[in-house]
Amino acid sequence: MVPAALVSAVGLVVDDRFLMGAPIWLKPFKFALSFAAFCLTLGWMASFVPHRRRLVWWAGTVVAVGSVIEIVIISGQAARGRRSHFNYATALDETLYNVMGGTVVLLWLATLTLAVLLVRTRPADRASAWAMRCGIVLALAGTAVGFLMDRPAPGQKAGVTDIVGAHSVGVPDGGPGMALTGWSTTGGDLRVPHFFGMHALQLLPLLVLLLALLAPRFARLGDDRVRLRLVLLASGTYAAVFALILWQALRGQALLDPDGATLTAAGLILAAAVAGTLVALRPGGARADGP
């Protein structure tokens with residue numbers, strides 16, 4: 001993935017072509033970085049599973065090989081000046097997209113296998129254990145959002161139109177978007193919850209690391225029960241925000257243009273998170289004795 005990202009970075013500099021309103025090499029560049037982070041984190045988590053090592057090896061190998069297949073097709077289509085996703089324009093485009101679709105299903109099932117093994121694992125540090133468990137479950141949910149993009153958008157029909165599927169909701173793909181991410185600024189965009197959910201895999205374990213680094217300065221964080229409560233609270237808050245931005249996208253609403261219902265829900269999540277943090281940090285807070 002690192003060489004793929006470097007090749008794509010060079011493409012961004014020397015190739016001035018655009019596709020769907022974005023530099024043609026931006027998509028493979030972002031996918032390569034995302035796959036690199038995903039595979040590195042998943043490999044680290046797999047090292048905590050002491051049993052069923054052969055199954056772990058096979059699951060990890062499916063993820064690694066599947067990731068390579070995906071990035072090769074995405075980069076190859078960029079080099080050809082063609083869309084990699086939802087493209088049924090020619091027999092080759094359709095075949096490549098179908099291969100990608102099958103590969104994503106295998107990737108998801110392999111990650112699910114590792115998630116089940118992680119849930120059954122009992123690491124010594126409970127905060128780390130729950131960060132990994134919740135992170136991989138949320139990553140699976142985020143990845144599954146991609147399956148929603150495969151549905152025909154209004155005006156599309158399988159076997160008739162060249163493009164079947166979209167990441168935008170309520171507006172066509174390729175319209176005005178945010179800088180760097182390209183997320184729609186005029187309608188809903190399923191890439192937002194897709195991205196947010198997937199990267200719980202990195203962010204929740206990073207929270208554990210942050211709490212450990214802060215523990216010498218804040219005595220309450222030296223208590224493993226407090227760290228566990230904060231990790232569980234963060235995981236619940238993350239899941240609530242994921243559900244909120246998925247709901248927002250499905251209603252055809254841009255991330256930066258929330259309506260009253262979205263803002264109300266966000267306020268309730270924030271209030272619950274603040275209240276939960278105060279409870280988790282107070283002396284004699286509720287004991288978290290989960291495995």
Side-chain angles (χ1 to χ4, degrees), residues 34-64 66-67 104-147 193-215 221 223-246 269 272-273 276-277 279-281 285-291:
S34 182
F35 274 129
F38 184 82
C39 291
L40 182 63
T41 311
L42 207 60
W44 169 71
M45 289 182 176
S47 70
F48 288 90
V49 181
H51 53 281
R52 306 295 296 273
R53 293 303 302 174
R54 188 164 184 81
L55 180 58
V56 171
W57 184 90
W58 275 109
T61 300
V62 168
V63 171
S67 299
V104 166
V105 172
L106 292 176
L107 275 167
W108 195 89
L109 291 174
T111 305
L112 176 63
T113 300
L114 291 172
V116 171
L117 294 173
L118 271 172
V119 168
R120 297 177 58 191
T121 300
R122 299 288 183 267
D125 184 68
R126 294 182 299 165
S128 296
W130 279 101
M132 289 188 287
R133 292 166 182 166
C134 295
I136 198 169
V137 168
L138 282 165
L140 284 166
T143 305
V145 173
F147 299 135
H194 180 60
F195 175 89
F196 186 76
M198 281 188 63
H199 291 291
L201 195 69
Q202 293 86 37
L203 294 178
L204 290 178
L206 283 175
L207 172 63
V208 177
L209 176 61
L210 177 62
L211 294 176
L213 291 174
L214 293 175
L221 297 181
D223 187 336
D224 64 336
R225 294 172 298 174
V226 171
R227 293 197 303 273
L228 174 59
R229 291 198 293 267
L230 289 173
V231 166
L232 292 175
L233 173 65
S235 300
T237 303
Y238 202 105
V241 174
F242 168 75
L244 174 62
I245 58 179
L246 175 59
I269 293 171
T277 301
V279 171
L281 290 173
R287 183 183 178 91
D289 289 321

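Ring-plane geometry between Trp108 and Phe147 is classed as perpendicular, the angle between the planes exceeding 60 degrees on a 0 to 90 degree scale with a lower cut at 30. Phe48 and Trp44 have perpendicular rings, their planes meeting at more than 60° on a 0 to 90° scale where under 30° would count as parallel.
The side chain to side chain contact (heavy atoms under 4.5 Å, CB included) with Leu221 is formed by just one residue from the set Leu213, Leu214, Leu210; it is Leu214.
Residues Ala131 and Val208 come closest through the heavy atom pair CB-CG2, 3.4 Å. The minimum heavy-atom distance between Ser67 and Phe35, with the atom names listed, is OG-CD2, 3.5 Å. The two residues Gly142 and His194 make their nearest non-hydrogen contact at O-ND1, 2.8 Å. Nearest approach of Ala46 to Val56, heavy atoms of both residues: CB-CG1, 3.8 Å. Looking at every heavy atom in both residues, Pro193 comes nearest to Ile245 through CA-CD1, 3.8 Å. Nearest heavy-atom pair across Val231 and Ala127 is CG1-O, 3.7 Å.
With values rounded to the nearest 0.5 angstrom, Leu118 atom CG is found 10.5 Å from Thr111 atom OG1. With values rounded to the nearest 0.5 angstrom, Leu107 atom CG is found 11.0 Å from Leu140 atom CG. Atom CG of Leu230 and atom CG of Leu211 lie 6.0 Å apart (nearest 0.5 Å). With values rounded to the nearest 0.5 angstrom, Leu232 atom CG is found 6.5 Å from Trp130 atom CH2. The CG atom of Leu42 sits 9.5 Å away from the CD atom of Gln202 when rounded to the nearest 0.5 Å. Rounding to the nearest 0.5 angstrom, the gap separating the CG atom in Asp224 from the CG atom in Asp125 is 7.0 Å.
For the pair Thr237/Ile269, a side-chain contact is recorded, criterion being any heavy-atom separation below 4.5 Å from C-beta on. Put simply, the side chain of Val49 does not reach to within 4.5 Å of the side chain of Leu114, judged on heavy atoms. In this structure, the side chains of Leu209 and Pro205 stay at 4.5 Å or more apart for every pair of heavy atoms. In this structure the side chain of Phe196 never reaches within 4.5 angstrom of the side chain of Leu246, judged on heavy atoms.
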Just do the side chain to side chain contact (heavy atoms under 4.5 Å, CB included) check on His51 and Leu117 with the steps written out, would you? CA-CA 8 Å; His51 53 281; Leu117 294 173; 4.2 Å; yes
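In the displayed structure, Arg53 atom CZ is contacted under 6.0 Å by more than 12 heavy atoms of other residues, nucleotides or ligands.
Checked by atom type and distance alone, the side chain of Arg126 never pairs as donor or acceptor with a backbone atom of Arg227 at under 3.5 Å.
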